[in-house]
Structures are given as structure tokens and as C-alpha cells.
K.L.:
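Got a structure here, written out as C-alpha cells. Questions coming.
Order of appearance sets the numbers: ligands from 1, and atoms from 1 within every ligand.
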Amino acid sequence: MTDPRKDIARIIVSPEQIEQRVTELAAQISRDYAGQGDLYLIGILKGAFIFLADLSRRLEIPHIVDFMALSSYGKSATSTGAVRILMDLREPIEDRHILLVEDIVDTGQTLAYLYKTLQGRRPASLKTCVLCKKARDQAPVPIDYLGFTIPDVWVVGYGLDFADRYRTLPYIAELKREIYAP
Ligand code: PRP
């Protein structure tokens, strides 16, 4: 197996910065939802699985974890296609407090679609928690809890991938351009 680190141009967010920010976000979420019963955390596969695992273990409030998997038609290095649900939630979310957990907002299309779809299921409340958001024009989506704003480059690590690789790198890093645009 080749070393994935050789394909990294630079580290954008270090493991220490991630750990600190995830701890801060979990503390803030724990405060905001204290006394409201179970929080329903929805992780969006695949990219959010590492962020969700770390965030949920730091929460100090009762919560339930569930997942959705989505697919974007025609997604490439430069564009996102239409979104569809590949795997839905196990239970209805009506009257529950929902926190959507995403790894990244790029164009914002995925989060906008999810927000609209879940809002239609009449939850008690719906908020979003996003690890990183690119500094670029995006669909108007509400981000209630944000980890980092990052440059508009192809990023991998801490759940983020290119062609399903690099997800387990411990940092968020820019991928060398020759890897995704040879
Ligand atoms: C990524 C990411 C977000 C979405 C963000 O998912 O996890 O869900 O893209 O992009 P957008 O803001 O332009 O819509 P991807 O489709 O790459 O799947 P993955 O999570 O399985 O890697």
C-alpha cells in the first residue's frame, strides 16, 4: 500500500485543532440542548462518520445516533449533481430535536436538500453542525455549529475523501492537484 501522505499538498487543520474545536462544539451543543430530552444526531455518510463519532462521544446530553446516505448524480471535482437518498433514517423524526452532522459544505447543495427534506418531516427543531465549510459561493443553508472555514481547494482527511481514499488521515489537508486533476 502506498503512503497516502505523499499525495498531500499541505495540512490545513491539524489533529490538535480538530480535537479542540470538536470539544468546543460538543460543549456548546450540550449547553444548548440541556434538559430537552434525547437529541437525535443524524450523520451523513460516508464523510461524517469520524466527526460524528468524536462529537457524539464528547456530548454530555442524552442522544441517539442515526445515519443517512446520499448520492449526487454527476458529481466531479468541479461540480455537484442532483442529490438523492440512498439510505434513509430508521425512525420518523416528527417532534424530535434533530441535529444534522455533516463533514463539509462545498456548494451547499447537499445540506440545502437535506434541510428541506427533513424540515418536511416536522421535527420539533432542526439544526446543523458542519465540520468545515469552504470559503466560496454556496446555496443558502443555515449552519448552526461550524468547525472551520477552509480555502476552496480539494480537502481530504478526518472523513473527507477523494475517490473513497484518504478518509482516515488524522488532519484536514489539501490534496495535490495532480491527484484529482491529472
Ligand atoms: C460530500 C460531503 C457532503 C457533500 C458536500 O459528500 O460529505 O455530503 O459532498 O458537497 P456540496 O456542499 O457541494 O453538496 P460526497 O457526495 O462526496 O460523499 P461522501 O460523504 O460519501 O464522501
Side-chain angles (χ1 to χ4, degrees), residues 4-5 7-9 11-13 15 17-18 21-22 25 29 40-56 65-90 93 98-121 123 126-177 179-182:
R5 291 174 298 184
D7 298 338
I8 297 308
I11 293 173
I12 294 174
V13 187
Q17 289 172 307
I18 294 173
R21 191 69 189 120
V22 172
L25 288 172
I29 292 164
Y40 203 84
L41 288 184
I42 300 178
I44 308 306
L45 297 173
K46 300 177 189 174
F49 80 106
I50 290 179
F51 178 41
L52 179 67
D54 284 348
L55 184 75
S56 65
V65 172
D66 203 348
F67 295 95
M68 291 179 82
L70 304 175
S71 160
S72 306
Y73 285 117
K75 190 160 183 174
S76 70
T78 53
S79 70
T80 310
V83 181
R84 72 185 169 114
I85 296 174
L86 288 181
M87 186 188 88
D88 210 333
L89 300 169
R90 295 214 183 168
I93 58 169
I98 305 299
L99 184 61
L100 258 178
V101 180
E102 257 288 30
D103 55 341
I104 188 165
V105 170
D106 186 350
T107 65
Q109 187 173 344
T110 304
L111 196 62
Y113 170 85
L114 272 169
Y115 194 87
K116 191 169 157 226
T117 300
L118 295 181
Q119 195 71 64
R121 298 182 187 183
L126 175 60
K127 288 190 178 182
T128 59
C129 179
V130 174
L131 174 67
C132 56
K133 165 187 183 295
K134 285 197 179 168
R136 57 171 283 179
D137 289 342
Q138 294 169 335
V141 284
I143 300 179
D144 299 287
Y145 304 97
L146 176 64
F148 305 96
T149 300
I150 59 169
D152 187 12
V153 294
W154 195 291
V155 284
V156 294
Y158 201 68
L160 295 153
D161 75 308
F162 171 67
D164 259 329
R165 296 168 61 210
Y166 310 103
R167 290 193 200 272
T168 54
L169 289 171
Y171 40 67
I172 299 169
E174 179 181 356
L175 194 62
K176 285 182 181 168
R177 191 173 170 80
I179 305 296
Y180 63 89

K.L.:
For the pair T128 (side chain) and D144 (backbone), establish whether a donor and an acceptor sit closer than 3.5 Å, ignoring hydrogens and angles.
P.N.:
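Yes; judged by distance alone, with no hydrogens or angles, the pair exists.
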
K.L.:
Under a 4.0 angstrom heavy-atom cut-off, which atoms of ligand 1 come close to T107?
P.N.:
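The list of qualifying atoms is 11 (P), 12 (O), 13 (O), 14 (O).
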
K.L.:
Are D88 and R121 ion-paired here, with the side-chain N under 4.0 Å from a carboxylate O?
P.N.:
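Counted as a salt bridge, because a side-chain N and a carboxylate O are separated by less than 4.0 Å.
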
K.L.:
May I ask whether R167 places a heavy atom under 4.0 Å from ligand 1?
P.N.:
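Yes, R167 has heavy atoms under 4.0 Å from ligand 1.
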
K.L.:
Please give me the minimum heavy-atom distance between V155 and L160, naming the atom from each residue.
P.N.:
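That closest heavy-atom pairing would be O-CB, 3.7 Å.
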
K.L.:
How close do I44 and L100 get, counting heavy atoms only, and between which atoms?
P.N.:
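In this case the closest contact between I44 and L100 is CD1-CD2, 3.7 Å.
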
K.L.:
Taking only heavy atoms of I104, which atoms of ligand 1 are found under 4.0 Å from at least one of them?
P.N.:
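Counting atoms of ligand 1 from 1, those under 4.0 Å from I104 are 2 (C), 3 (C), 5 (C).
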
K.L.:
Verify, without hydrogens or angle tests, whether D66 (side chain) and R90 (backbone) share a donor-acceptor contact under 3.5 angstrom.
P.N.:
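It does hold such a pair.
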
K.L.:
Check the orientation of W154 and F162. Use parallel for under 30°, tilted for 30 to 60°, and perpendicular for over 60°.
P.N.:
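Plane angle over 60°, so perpendicular.
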
K.L.:
Looking at E102, which atoms of ligand 1 are within less than 4.0 Å of one of its heavy atoms?
P.N.:
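Ligand 1 atoms under the 4.0 Å threshold to E102: 3 (C), 7 (O), 8 (O).
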
K.L.:
Numbering the atoms of ligand 1 from 1, which are under 4.0 Å from a heavy atom of V105?
P.N.:
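So the atoms of ligand 1 that pass are 12 (O).
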
K.L.:
Show me which atoms of ligand 1 lie under 4.0 Å from any heavy atom of L45.
P.N.:
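Per the distance check, 20 (O), 21 (O).
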
K.L.:
Do any N/O atoms on G108 end up under 3.5 angstrom from N/O atoms on ligand 1?
P.N.:
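Between G108 and ligand 1 (N or O atoms, distance only) the closest approach is under 3.5 Å.
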
K.L.:
Restricting to non-hydrogen atoms, name the atom on L146 and the atom on L131 that form the minimum distance, rounded to 0.1 Å.
P.N.:
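Result for this residue pair: CD1-O, 4.4 Å.
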
K.L.:
Can you check whether L111 has an N/O within less than 3.5 Å of an N/O in ligand 1?
P.N.:
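No, since none of the N or O atoms of L111 sits under 3.5 Å from an N or O of ligand 1.
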
K.L.:
If the cut-off is 4.0 Å to any non-hydrogen atom of D161, which atoms of ligand 1 fall inside it?
P.N.:
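Near D161, the atoms of ligand 1 are 22 (O).
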
